[in-house]
Amino acid sequence: MQTMEKLREIDFFQGLSEEQLVMLAREGRVKWYKPGEIIVSQEEPVRAFYLVLSGQVKIYRSSVEGKEQTLYLFGTGEPFCLCAVFEKQGFPANASALEPSEVLVLPGQTFENLAHEAPTLVFHILLVLSRRLKESMRLVENLALKELPQRVATFLVRVAPRETHSETVDMYLPLTHRELAKMLGATPEGLSRVFKRLQTQGLLAVNGRDVRVYDWQTLERLSQ
């Protein structure tokens with residue numbers, strides 16, 4: 001699929017004229033990243049707008065000891081590094097690809113000029129930032145106030161498809177167990193022990209990234 005076709009399908013750009021979409025495609029650079037490849041480094045001074053055209057990107061912090069804490073996951077159609085759009089400054093985290101990813105990179109000044117022409121972009125940014133503030137509050141609550149089994153349950157409740165009200169729910173984890181452990185502030189070994197405990201209790205079954213929940217109500221209670 002060509003870049004223009006992808007831009008037309010992205011909710012963030014809804015409301016832009018065809019001429020403005022053409023400008024985005026012309027001025028923006030489309031870059032491909034391999035799994036694990038850094039897109040933006042922590043404290044790197046940048047001024048640009050980034051959006052995932054395909055694949056998956058994670059935002060994370062790293063300590064001097066090498067410990068990682070995953071903060072956000074972004075999929076197709078989602079912008080990231082929004083704090084770097086309007087002024088050049090050190091980015092407060094790292095961004096890297098979790099899988100082969102296609103990223104649109106637009107110079108910050110170009111995006112600012114476009115936002116003056118199409119104020120709907122500013123409204124979209126406010127919506128995105130509002131949602132991410134709520135996600136940040138939820139992350140702080142999970143890491144500070146919940147034990148690891150509760151954090152695991154909370155994550156599963158959030159990502160589960162709730163198309164039916166049956167007690168048995170099948171889902172596919174959007175990231176590997178190793179990456180999930182980083183998001184939940186745990187070690188891979190600690191996460192594995194929790195999964196085994198929940199399986200022993202008959203609450204769920206785990207096969208790689210496939211998870212089947214047998215008792216949805218109990219999982220919800222555990223998450224709370």
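Below, each value reflects all heavy atoms present in this structure, side chains not excepted, and no hydrogens, waters or symmetry copies. Since the model is a prediction, treat every value here as computed from it, not as a measurement. Note that the numbering runs from 1 along the sequence shown for the chain.
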Chemist: Just wondering, do Leu191 and Leu180 contact through their side chains at under 4.5 Å, heavy atoms?
Modeler: yes
Chemist: Looking only at side chains, do Gln109 and Asn113 share a donor and an acceptor under 3.5 Å apart?
Modeler: yes
Chemist: So, does Glu220 use its side chain to make a donor-acceptor pair with the main chain of Gln217 at under 3.5 Å?
Modeler: no
Chemist: Do Gln199 side-chain atoms and Val206 backbone N/O form a donor-acceptor pair below 3.5 Å?
Modeler: yes
Chemist: Which pair of non-hydrogen atoms, one from Cys81 and one from Val40, has the smallest distance, and what is that distance?
Modeler: SG-CG2, 4.0 Å
Chemist: Closest approach of Ala84 and Val46, non-hydrogen atoms and distance?
Modeler: CB-CG2, 3.6 Å
Chemist: Using atom types as modelled and distance alone, determine if a side-chain donor or acceptor of Gln56 lies under 3.5 Å from a backbone N or O of Ala97.
Modeler: no
Chemist: Out of curiosity, Asn94 CG to Gln42 CD, how far, rounded to the nearest 0.5 Å?
Modeler: 4.5 Å
Chemist: Which atom pairs, one a donor and one an acceptor, fall under 3.5 Å between side chains of residues 20-31 and the rest of the protein, sequence neighbours left out?
Modeler:
from	atom 1	to	atom 2	distance (Å)
Gln20	OE1	Ser17	N	2.9
Gln20	OE1	Ser17	OG	3.3

Chemist: Could you tell me if the ring centre of Phe91 sits under 6.0 Å from that of Phe80?
Modeler: no
Chemist: Could you see if Tyr50 belongs to whatever hydrophobic cluster contains Val52? Use Ile, Leu, Val, Met, Phe, Trp, Tyr and a side-chain cutoff under 4.5 Å.
Modeler: yes
Chemist: Kindly indicate, with the supporting measurements, whether the criterion salt bridge (Lys or Arg N to Asp or Glu O under 4.0 Å) is fulfilled by Lys34 and Glu99.
Modeler: CA-CA 6 Å; Lys34 297 177 292 186; Glu99 57 188 60; over 6 Å; no
Chemist: For Gly208, does its backbone N or O pair with a side-chain atom of His177 as donor and acceptor, under 3.5 Å?
Modeler: yes
Chemist: Between Arg61 (side chain only) and Pro92 (backbone N and O only), is there a donor and an acceptor less than 3.5 Å apart?
Modeler: yes
Chemist: Going from CG on Leu219 to CG on Leu156, what distance comes out if it is rounded to the nearest 0.5 angstrom?
Modeler: 5.5 Å
Chemist: Considering non-hydrogen atoms only, spot the tightest contact between Tyr60 and Ile38 and give its length.
Modeler: OH-CD1, 3.1 Å
Chemist: Hey, what do you get for OG1 (Thr187) to CZ (Arg193), rounding to the nearest 0.5 Å?
Modeler: 5.5 Å
Chemist: Considering residues, nucleotides and ligands other than Gln14, do more than 12 of their heavy atoms fall under 6.0 Å from its CD?
Modeler: yes
Chemist: When you check the gap from the basic side-chain N to the acidic O, do Glu179 and Lys182 get nearer than 4.0 Å?
Modeler: yes
Chemist: Is there a continuous path of hydrophobic side-chain contacts, each under 4.5 Å between heavy atoms, that joins Leu82 to Leu106?
Modeler: yes
Chemist: Which of these, Leu51, Leu114, Thr120, sits in a side-chain contact (heavy atoms from CB on, under 4.5 Å) with Phe13?
Modeler: Leu51
Chemist: Please report the shortest heavy-atom distance between His124 and Asp11, naming the atom on each side.
Modeler: CE1-O, 3.8 Å
Chemist: Is the shortest side-chain heavy-atom distance between Val213 and Trp216 below 4.5 Å?
Modeler: yes
Chemist: Should we count CZ of Arg209 as having more than 12 external heavy atoms under 6.0 Å?
Modeler: yes
Chemist: Would you call Glu78 and Arg131 a salt bridge, using N to O less than 4.0 angstrom?
Modeler: no
Chemist: Among Leu121, Leu127, Leu7, whose side-chain contact (heavy atoms from CB on, under 4.5 Å) with Phe12 holds?
Modeler: Leu121
Chemist: Under 3.5 Å, is there a donor-acceptor pair linking the side chains of Thr154 and Lys146?
Modeler: yes
Chemist: Cut-off 3.5 Å, side chains only: do Thr218 and Arg221 have a donor facing an acceptor?
Modeler: yes
Chemist: Using every non-hydrogen atom in the two residues, find where Leu53 and Thr76 come nearest and quote the distance to one decimal.
Modeler: O-CG2, 3.2 Å
Chemist: Is it the case that the side chain of Tyr72 and the backbone of Arg132 share a donor-acceptor pair, with hydrogens and angles ignored and the cut-off at 3.5 Å?
Modeler: yes
Chemist: Can you name the nearest heavy-atom pair linking Ser54 to Trp32, along with the distance?
Modeler: OG-CH2, 3.8 Å
Chemist: Could you give me the CA-CA distance, side-chain angles and deciding distance for Ile125 and Phe111, then say whether side chain to side chain contact (heavy atoms under 4.5 Å, CB included) is met?
Modeler: CA-CA 12 Å; Ile125 285 181; Phe111 185 89; 3.6 Å; yes
Chemist: Is a donor on one side and an acceptor on the other found under 3.5 Å between the side chain of Glu102 and the backbone of Gly55?
Modeler: no
Chemist: For Lys196, does its backbone N or O pair with a side-chain atom of Thr200 as donor and acceptor, under 3.5 Å?
Modeler: yes
Chemist: Are Tyr214 and Leu203 connected in the hydrophobic side-chain network, where two residues link if heavy atoms are under 4.5 Å apart?
Modeler: no
Chemist: Do Ile39 and Leu104 sit in one hydrophobic cluster, given that two such residues count as connected whenever their side-chain heavy atoms are within less than 4.5 Å of each other, even indirectly?
Modeler: no
Chemist: Do Leu184 and Leu98 belong together in a cluster built from hydrophobic side chains that touch within less than 4.5 Å?
Modeler: yes
